Amino acid sequence: MTAPDAPDGVDVEKPSAARIYDWYLGGSQNWAVDREFGKRVEKVWPLIRPISRQNRAFMNRVVRAALDAGIRQFVDLGSGVPTAGNVHELVRDRLPASVVYVDYEPVAAAHSRVILDREDAGEWAGIVERDIRDPEAIFADEITERLIDWAQPVCLLMITVLHFLGPGDRPDELVATYRDRLAPGSWLAVTHGTVRDDAPPERAAEVRAFVDAYRDTSNPAYLRSAEEIRPWFGGWPLLEPGMSTLPDWRPEAPVSEEDGEVRPFAWGAVGVKPS
Ligand SMILES: C[S@@+](CC[C@H](N)C(=O)[O-])C[C@H]1O[C@@H](n2cnc3c(N)ncnc32)[C@H](O)[C@@H]1O
């Protein structure tokens, strides 16, 4: 696959975490250097691509369900490179609606700007290049102010991003700050890496090796149990089927054996803010 022109100033000789993730998803915004790095990671954790795709499919089902429920505003925290069926691609056919992407990685943000510009989506979608640990700056950003009316329901997506926050980042308090900002009827969607007790031991060891490899980098990752994730919903009712493995959240087709293998390694759930 040939990637389109890179944004000005973006180095395509050096692998980028956001573009590697794009490759896991089968996206178009990755270069040879990213794919080579991704293939090395795949050797350590062969489930990385299937789980990334299941994660994206979960997010797609949530966004479509939110649109069907009448929600017209989407805030995607830790959005990465928005290709391979990202939020604005799903929303485009259901306008009027608005999308705010948030990512602090300059390469992800630069690609996001180019994509939204090229697709002429600037009027209803934007990228806020900020750290999700600074919610007040995200709320006050001119792009958020232009596109989001917090008095109306919002679908807030925290998809495969909270595992980058350690205990020192106080994720419970941070997620509560976002929850408080949302109007009744809003949705909060979370996916998060885990290792459930029913994981085959050799597969569980691969995940732990993968996480350990990142332990001393600038992007350490944390696995969490359902008991640690549930409080982030602040007691809000969860949409059926509740806290779920990724493939089993409202599947649209029978789950294949390969897709089923990711079950022990991630949780997904969607909460709805009560009136
Ligand atoms: C694994 S990717 C997930 C992308 C997308 N949410 C998905 O599920 O397909 C995680 C993204 O979160 C971003 N990220 C991690 N920590 C962040 C933070 N503190 N603030 C903003 N973005 C962050 C990374 O730059 C990366 O693009």
Side-chain angles (χ1 to χ4, degrees), residues 10 15-30 34 37-38 41-42 45 47-63 74-90 99-113 115 126-139 141 143-144 155-171 173-175 177-178 188-194 207 210-211 213-214 217-223 246 249 262 265-270:
V10 164
S16 139
R19 293 194 311 244
I20 295 164
Y21 193 75
D22 182 65
W23 177 73
Y24 297 153
L25 288 172
S28 60
Q29 297 287 311
N30 50 79
D34 306 312
F37 193 99
V41 173
E42 213 178 6
W45 189 25
L47 281 182
I48 183 74
R49 293 186 91 191
I51 204 167
S52 302
R53 288 204 208 95
Q54 284 298 311
N55 187 55
R56 176 56 51 98
F58 170 93
M59 182 273 271
N60 280 199
R61 296 195 297 273
V62 171
V63 169
F74 295 83
V75 176
D76 185 1
L77 299 179
S79 44
V81 176
T83 68
N86 220 306
V87 183
H88 79 281
E89 296 175 37
L90 302 172
V99 178
V100 168
Y101 289 129
V102 180
D103 208 294
Y104 69 172
E105 217 237 357
V107 174
H111 283 281
S112 304
R113 276 186 209 102
I115 289 168
I127 165 80
V128 171
E129 186 177 343
R130 291 191 186 276
D131 193 317
I132 66 162
R133 289 169 293 187
D134 191 355
E136 297 307 330
I138 291 168
F139 301 147
D141 190 282
I143 291 177
T144 318
C155 177
L156 182 72
L157 299 157
M158 297 178 129
I159 306 292
T160 325
V161 65
L162 291 169
H163 62 244
F164 290 118
L165 304 190
D169 293 316
R170 300 176 183 270
E173 285 170 34
L174 181 70
V175 179
T177 303
Y178 285 105
L188 169 64
V190 174
T191 65
H192 200 291
T194 196
V207 178
F210 176 75
V211 168
Y214 282 82
T217 68
S218 54
N219 288 99
Y222 300 83
L223 301 169
L246 297 182
W249 197 89
V262 312
F265 302 112
W267 289 113
V270 181

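Counting convention: from 1, in listed order, for ligands and their atoms alike. For clarity, every value in this text was computed on a predicted model and none was experimentally measured. Counting from 1, the numbers follow the sequence of the chain as shown.
- Taking distance alone, with nitrogen or oxygen atoms compared against 3.5 Å, Ile132 approaches ligand 1 more closely than that limit.
- Here the straight-line distance linking atom CG of Leu77 with atom CD1 of Ile132 works out to 5.5 Å at 0.5 Å rounding.
- With Thr144 contributing its side chain and Ile138 its backbone, the two residues share a donor-acceptor pair below 3.5 Å.
- At a heavy-atom distance under 4.0 Å, atoms from both the backbone and the side chain of Thr160 approach ligand 1.
- Taking a 4.0 Å cut-off on heavy atoms, Met59 fails to register as neighbouring ligand 1.
- Between Asp22 atom CG and Ser28 atom OG the span is 6.0 Å, to the nearest 0.5 Å.
- Ring geometry, His192 versus His163: the interplanar angle exceeds 60°, so the pair is classed perpendicular (tilted spans 30 to 60°).
- Here the heavy atom of the protein found nearest to atom 15 (C) of ligand 1 is Phe164 CD1, 3.5 Å.
- Looking only at side-chain heavy atoms (C-beta outward), Phe58 and Val270 come within less than 4.5 Å of each other.
- Taking only non-hydrogen atoms, the option from Ser16, Gly78, Gly80 nearest to atom 3 (C) of ligand 1 is Gly78.
- If you check each of Asp103, Leu157, Thr191 against atom 27 (O) of ligand 1, the one with the closest non-hydrogen atom is Asp103.
- Annotation: the span from Arg49 atom CZ to Leu25 atom CG amounts to 9.0 Å, rounded to 0.5 Å.
- Nearest protein neighbour of atom 19 (N) of ligand 1, counting heavy atoms only, is Asp131 OD1, 2.9 Å.
- For the residues Tyr104, Tyr101, Tyr24, the heavy atom positioned nearest atom 18 (C) of ligand 1 is part of Tyr104.
- Between His111 and Ser16 the shortest side-chain heavy-atom distance does not fall below 4.5 Å.
- Counting atoms of ligand 1 from 1 in the listed order, those under 4.0 Å from a heavy atom of Arg56 are 7 (C), 9 (O).
- Below 4.0 Å from some heavy atom of Val161 lie the following atoms of ligand 1, by number and element: 12 (O), 14 (N), 15 (C).
- Residues Glu136 and Thr177 are in side-chain contact: their nearest non-hydrogen atoms beyond the backbone lie under 4.5 Å apart.
- Between Ile159 and ligand 1, at least one pair of N/O atoms sits closer than 3.5 Å.
- Within the 3.5 Å criterion, the main-chain N or O of Ala84 finds a donor-acceptor partner in the side chain of Arg56.
- Atom numbering of ligand 1 starts at 1 in the shown order; those under 4.0 Å from a heavy atom of Arg130 are 20 (N), 21 (C).
- In terms of modelled atom types and a separation under 3.5 Å, the side chain of Asp131 and the main chain of Tyr104 share no donor-acceptor contact.
- When heavy-atom distances to ligand 1 are checked against a 4.0 Å cut-off, Ser52 has no atom that comes that close, whether in backbone or side chain.
- Note: no N/O pair closer than 3.5 Å links His163 and ligand 1 by distance alone.
- Under 4.0 angstrom from ligand 1, the non-hydrogen atoms of Asn55 all belong to its side chain.
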